[in-house]
Amino acid sequence: MEGRVKISQVLIAVILGILIIYSYMNLSLPRDPKQRSWTKLNRVLIEQAAETFLTGFAYVESGEGGSVFEWVAKTAMEMMPLGTYIEGKLTSYTDVEDMETIQMILANQANDENMVDENGKLVKEDGKEEPVIQTSAPQIDTSMEKLMNYEYLLGTFYTVDSSTMADPELLNAQVLLEKNMKIDQSKKGPKVLIYHTHSQEAFADSVPGDESTTIVGMGNLLTDLLNDTYKIETIHHKGVYDMVDGKLDRSMAYDLAEPEIQKILNDNPSIEVVIDLHRDGVGEQTHLVTEINGKQTAQIMFFNGMSRTKANGNIGYLANPYIQDNLAFSLQMQLAALEKYPGFTRHIYLKGYRYNMHFKPKCLLIEAGAQTNTVEEMRNAVTLLADVLDSVITE
């Protein structure tokens, strides 16, 4: 506390010194009428300097009462944010951003799952290639005793992006696993909606112009499996949100998709599950593949938006009332996949923005494979994904 007071006193002394110099310059101006023009110029310059650098002093009202020292101290503290910061009196509201910052954050949200240039080529930030990933079936303890250990839960099942934060309150395994993710099949109408914020994503051997070999084709396959094999009524929306004037542009993809997806949900109130199906972007030497039931199968990753970052705190204009429900859904999917198909899933990825996961409590953003996977590996992955989804959302 003593150190804070000393720093504030130094600031006051500096302001007093400036005031004394300012007053001396006014009093020492020439009185000779022959030098009036010079005097006038000096006054104008001093007044302009005062208005520019000492605005609080230049416009202070007279007759406020109190000593000169009190007035100077008060004014100094108001003019110098450092003083109020040192005294611990300055409050910062990090979730209020100007429009330019909001647009930057929305653009980051649209582009940060995988970075590509205007031609769809992967852009690596550090130029380094990642190793080939060929996983074996891991032995993981999923007992509640272990899962209730926050450090174990986080280290075993999650990757937290450096820009965001996680905490034990949100990632409470017992709370997340007790949430009911089952759908109500007694009501008529579709139960699952599948769509693609990034519809132009393709794979290592995709055929140009052949939709079935793209991420949209994987959406077609997942839709057919859910409808025909698992009898879960599903609709597939193929809206394009990452093309502008015929060119790849993801800067507003989430914003463009939001009203269209919301309209579909309004028109189909029976929908309970919303899946945004993506394909990840990785280094060209990385191969996200594992062998399951004798088949080379692309790995998948569940992706959760936290609507808060370390830099901005809670992002009010990207609010999501279902964050914990979304987290429950992805964790239950992760554990079901681990039980049925060990090695199939990567760690759940947590990042700071929202990614349109605020539509429903049961929202999934899935990164299925990457641009280095083959179409066959992807189809094998989607087949397993449908089975895992069925085990989580149906009785």
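Only heavy atoms go into these numbers, but all of them, side chains included; no hydrogens, no water, no symmetry mates. Position 1 is the first residue of the sequence; numbering continues from there.
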**Chi angles and distances behind the salt bridge (charged side-chain N to carboxylate O under 4.0 Å, His left out) call for D184, K191** = CA-CA 8 Å; D184 183 0; K191 301 299 184 294; over 6 Å; no
**Message:** Run the side chain to side chain contact (heavy atoms under 4.5 Å, CB included) test on M218 and V375 for me, step by step, so that the C-alpha distance in whole Å, both residues' side-chain angles and the decisive distance to 0.1 Å come before the verdict.
**Reply:** CA-CA 9 Å; M218 299 307 121; V375 172; 4.0 Å; yes
**Stepwise side chain to side chain donor-acceptor pair (under 3.5 Å) check, K362 with N326** = CA-CA 6 Å; K362 292 188 276 290; N326 297 161; over 6 Å; no
**Request:** Could you walk me through whether Y341 and T297 pass side chain to side chain contact (heavy atoms under 4.5 Å, CB included), step by step?
**Result:** CA-CA 11 Å; Y341 307 111; T297 303; over 6 Å; no
**Stepwise side chain to side chain donor-acceptor pair (under 3.5 Å) check, D276 with T197** = CA-CA 7 Å; D276 187 3; T197 302; 2.6 Å; yes
**Asked** T374 and M378: side chain to side chain contact (heavy atoms under 4.5 Å, CB included), yes or no, with the steps?
**Response** CA-CA 6 Å; T374 67; M378 289 301 305; over 6 Å; no
**Message:** Walk me through whether E272 and K187 qualify under salt bridge (charged side-chain N to carboxylate O under 4.0 Å, His left out).
**Reply:** CA-CA 11 Å; E272 297 183 46; K187 296 180 180 178; over 6 Å; no
**Item:** Verdict with reasoning, H347 to F157, per side chain to side chain contact (heavy atoms under 4.5 Å, CB included)
**Value:** CA-CA 5 Å; H347 282 193; F157 296 103; 5.9 Å; no
**Request:** Begin from the C-alpha positions of E211 and N220 and carry the test side chain to side chain donor-acceptor pair (under 3.5 Å) through to its verdict.
**Result:** CA-CA 9 Å; E211 178 185 88; N220 288 335; 3.0 Å; yes
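A donor and an acceptor atom, one from each side chain of E258 and H358, are located under 3.5 Å apart. With hydrogens and angles left out, the side-chain atoms of S307 and N320 include no donor and acceptor closer than 3.5 Å. Using modelled atom types, one finds a donor on one side chain and an acceptor on the other under 3.5 Å when comparing Q371 with E284. With hydrogens and angles left out, the side-chain atoms of N268 and S270 include no donor and acceptor closer than 3.5 Å.
Residues H198 and R250 have side chains in contact (heavy-atom distance under 4.5 Å, counting atoms from C-beta outward). Between L171 and L154, the closest side-chain pair of non-hydrogen atoms falls below 4.5 Å. Counting heavy atoms from C-beta outward, L365 and M357 have side chains that approach closer than 4.5 Å. Residues I292 and L384 meet the side-chain proximity criterion, which asks for heavy atoms closer than 4.5 Å. For the pair K182 and N180, the minimum side-chain heavy-atom distance is below 4.5 Å.
Separation of atoms CG (N172) and CD (E178) is listed at 8.5 Å; rounding is to 0.5 Å. Of the inter-residue distances, the one linking S143 atom OG with N149 atom CG reads 10.0 Å to the nearest 0.5 angstrom. With rounding to the nearest 0.5 angstrom, the CZ atom of F344 is 14.5 Å from the CD atom of E339. One finds the CD1 atom of I183 at 5.0 Å from the CD1 atom of I232 (value rounded to the nearest 0.5 Å). Atom CG of D205 is separated from atom CD of E377 by 8.0 Å, given to the nearest 0.5 angstrom. The line from CG of N304 to CG of D161 is 13.0 Å long, rounded to the nearest 0.5 Å.
Remark: side-chain polar atoms of T156 are paired, donor with acceptor, to backbone N or O of Y152 under 3.5 angstrom. Judged purely by atom type and a 3.5 angstrom limit, Q299 uses its side chain to pair as donor or acceptor with the backbone of G343. Between the side chain of D280 and the backbone N or O of A368, no donor-acceptor pair lies under 3.5 Å. In this structure a side-chain-to-backbone donor-acceptor pair under 3.5 Å is missing from H236 to T223. At distances below 3.5 Å, not a single donor-acceptor pair connects side-chain atoms of N373 with backbone N or O atoms of G369.
Here the closest non-hydrogen pair linking Q334 and I348 is OE1-CG1, 3.6 Å. When all heavy atoms of L153 and Y158 are compared, the closest pair comes out as O-CD1, 3.5 Å. Annotation for F329 and V392: closest pair CE1-CG1, 3.9 Å, computed over non-hydrogen atoms. Contact between S199 and V216 at its shortest, heavy atoms only, is O-CG2, 3.5 Å. L170 and D167 make their closest contact through N-OD1, 2.8 Å (heavy atoms, listed as atom of the first residue, atom of the second, distance). Between A370 and F203, the closest heavy-atom pair is O-CD2, 3.4 Å.
The pair D325-K360 does not meet the salt-bridge criterion, since no charged nitrogen lies less than 4.0 angstrom from a carboxylate oxygen. Salt bridge absent: K340 and D390 never bring a charged side-chain N and a carboxylate O closer than 4.0 Å.
Among T394, D387, V192, the one residue that satisfies the side-chain contact (heavy atoms from CB on, under 4.5 Å) test with Y230 is D387. The side-chain contact (heavy atoms from CB on, under 4.5 Å) test with I261 is passed by exactly one of L193, I271, N356: L193. Residue T234 is tested with D228, L226, L222, L225 for a side-chain contact (heavy atoms from CB on, under 4.5 Å); the sole match is L226.
Hydrophobic clustering (side-chain heavy atoms under 4.5 Å, transitive across Ile, Leu, Val, Met, Phe, Trp, Tyr) groups I275 together with M333. Transitive grouping of hydrophobic side chains (ILVMFWY, heavy atoms separated by less than 4.5 Å) keeps F303 and Y322 in distinct clusters. In this structure, V175 is not a member of the same hydrophobic cluster as L327, with clusters built from ILVMFWY side-chain heavy atoms closer than 4.5 Å.
H278 and Y254 have parallel rings, their planes meeting at less than 30° on a 0 to 90° scale where 60° marks the start of perpendicular.
Annotation: K295, atom NZ; neighbour count of heavy atoms from other residues, nucleotides and ligands within 6.0 Å does not exceed 12.
A ring-centre distance under 6.0 Å is not found for Y349 and F302.
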